[in-house]
Amino acid sequence: MRVLIFTSSGGTAHDVAAYALRDWLQQLVPGCEVRVDQVLENASWFTRGGTSFYNWIQKKAPWLHQLYWRIVELEDLIKPGTVLFGHRYLVELFRSYQPDLLISTHPHTNRGHFDLAKRVLGPQLRCITCCTELDGGFGFSRNWVTRRADLFWTLTPGVDRELRRRRFPSERVSCLGPLHAPAFHQVPAPAVLPAGLPLLVLGTGANGANNHPRLLAQLLPFAGRLRVIALCGKSQEALESVAAWSAAHPDLAVETRGFLGPEAMADLYRQAWALVGRPGARTATEALTMGCPLIFNHYGLTMPQELLAPRYFRRLGLEVSIRRPRHLAQLVQRWLDEPEAYQALRQRYAECRLDSDPRGIVERLIHG
């Protein structure tokens, strides 16, 4: 069997989901050939430019995404039942690879892409949308939804409700839960951490977008009471900036790390007192799977799609958000002074963990 997975680096969640799916398919399905294609980057200068612009917005001007998101919601204008930008690349890809199954992990690789794939390869091709969002409502892109999908894989019942609202056929919706890299499906974070200095992790996506120095400045009063790991993704600039800050402020225990693989990241969730990160889908899904308290960092204004995870966490009684660096200091102070309040939240995470069965997910994808 040949499986083709479409993704794009416009948002960390999509690539992470695609490569985790590839690993599980190769592990559980003998003889399965899997190809992951960052199709927006590969197919056309136009979509490649759009992805680069998205990543620039995320790092430099999140407020601009309020406009950008609304514009790309109208992508049907350039994908009228097919794909205009990158059409030749896609046709050649479909004809040369001849997939039996096409899976999309990105909102902008469904509409038009599934239509074109079935036109080139025939109606027997199964097309599956792997939606990485945690909830519906404003911020949920209409581009996730196409009637050409034979199966719509959701993570939570909240997304199921959104699909019903959009009149997507319920018999084609499966709430299968998240599929992470194998390391995340092993031991979750403990409900009670061992004694020692609490570890606060400052997170970021693969592109390294962050406001770490401003957060670290607010944590200086907690030197000796807290240790920090600052993740910098694949950004050498971010890594050097945080390292320079740490060297100038040696009293606060700060360790910088670049992009971490899934095994190292899963282990970090098990050790962390809490993780601070933008309200992206993947960080939220990983934290909820592992049972690690997450602090949503809304710096630079929140993008529409970043409203979904906090909304889902709020419904579960788990949402903790900051909008200014000083809010992090206030929160840390409260948790250190009132450990019972922190422990109650951590226990709530243990009760609300997102769980799933990788073998069952793969079985559903392959055999329907």
Side-chain angles (χ1 to χ4, degrees), residues 11-12 55-69 134 138-139 198-205 207-233 235 237-239 241-246 248-249 251-256 272-284 287 292-339 341-342 345-346 349:
T12 303
N55 287 325
W56 180 87
I57 288 174
Q58 191 176 42
K59 288 191 286 186
K60 303 296 185 180
W63 59 270
L64 190 55
H65 212 283
Q66 295 288 334
L67 175 62
Y68 182 74
W69 184 85
L134 286 170
F138 178 72
L199 170 61
L200 183 66
V201 178
L202 304 183
T204 185
N207 65 15
N210 73 85
N211 64 338
H212 291 349
R214 295 179 64 196
L215 295 177
L216 289 168
Q218 294 293 321
L219 296 175
L220 279 171
F222 304 103
R225 303 181 66 191
L226 190 74
R227 59 193 179 101
V228 179
I229 290 180
L231 302 179
C232 300
S235 171
E237 178 185 355
L239 195 67
S241 172
V242 176
W245 188 97
S246 179
H249 303 84
D251 290 344
L252 182 66
V254 179
E255 180 183 345
T256 57
W273 185 60
L275 186 141
V276 184
R278 286 197 67 91
R282 200 59 185 188
T283 299
C292 172
L294 177 61
I295 302 167
F296 292 117
N297 185 7
H298 295 267
Y299 75 91
L301 198 62
T302 305
M303 302 180 192
Q305 67 270 35
E306 291 179 326
L307 298 171
L308 302 177
R311 187 180 300 148
Y312 183 72
F313 275 55
R314 191 178 310 127
R315 187 176 298 127
L316 297 177
L318 297 174
E319 189 210 4
V320 177
S321 292
I322 60 171
R323 286 172 170 78
R324 298 285 186 275
R326 67 176 183 273
H327 297 162
L328 178 60
Q330 294 165 0
L331 178 63
V332 168
Q333 183 76 62
R334 184 164 68 250
W335 282 355
L336 289 174
D337 291 346
E338 303 173 22
Y342 166 80
L345 177 66
R346 192 173 185 93
Y349 265 84

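Computed from heavy atoms alone, side chains included, the values below leave out hydrogens, waters and symmetry copies.
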* Asked: Do Phe138 and Trp69 make the cut of ring centroids closer than 6.0 angstrom?
  ->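 Under 6.0 Å, so yes.
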* **Check against side-chain contact (heavy atoms from CB on, under 4.5 Å), Val320 and Trp335** => CA-CA 12 Å; Val320 177; Trp335 282 355; 4.3 Å; yes
Output the distance between atom [atom1] ([X]) and atom [atom2] ([Y]), rounded to the nearest 0.5 Å.
X	Y	atom1	atom2	answer
Leu215	Leu200	CG	CG	8.5 Å
Leu220	Leu226	CG	CG	11.0 Å
Arg225	Leu219	CZ	CG	12.0 Å
Thr256	Leu216	OG1	CG	10.5 Å
Trp245	Leu252	CH2	CG	5.0 Å
Leu202	Ile229	CG	CD1	10.0 Å

How close do [X] and [Y] get, counting heavy atoms only, and between which atoms?
X	Y	value
Ala309	Gly280	CB-O, 4.4 Å
Phe222	Ala329	CZ-O, 3.4 Å
Leu336	Pro198	CD2-CG, 4.1 Å
Ala272	Cys292	CB-SG, 3.9 Å
Val242	His212	CG2-CB, 3.8 Å
Leu345	Gly317	CD1-O, 4.4 Å

* Check whether any side-chain N or O of His327 sits under 3.5 Å from a backbone N or O of Asn297 as a donor-acceptor pair, and report yes or no. =>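 It does not hold such a pair.
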* To do: Measure the shortest side-chain to side-chain distance between Leu307 and Thr302 over non-hydrogen atoms and say whether it is less than 4.5 angstrom.
  =>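 Yes - at least one pair of side-chain heavy atoms lies under 4.5 Å apart.
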* **Close side-chain approach of Arg324 and Gln218, heavy atoms under 4.5 Å** =>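 No; the side chains remain at least 4.5 Å from each other.
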* May I have all residue pairs that pass salt bridge (charged side-chain N to carboxylate O under 4.0 Å, His left out) and include part of residues 299-317, sequence neighbours excluded? =>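 The answer is Asp135-Arg315, Arg278-Glu306, Arg314-Glu319.
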* With sequence neighbours left out, which residue pairs that include part of residues 295-314 fulfil the ring pair (Phe, Tyr, Trp, His ring centres under 6.0 Å) condition? ->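 Those involving residues 295-314 are Phe296-Phe313.
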* Asked: For Tyr342, what residues pass the side chain to side chain donor-acceptor pair (under 3.5 Å) criterion, not counting sequence neighbours?
  ->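 Here the qualifying residues are Arg346.
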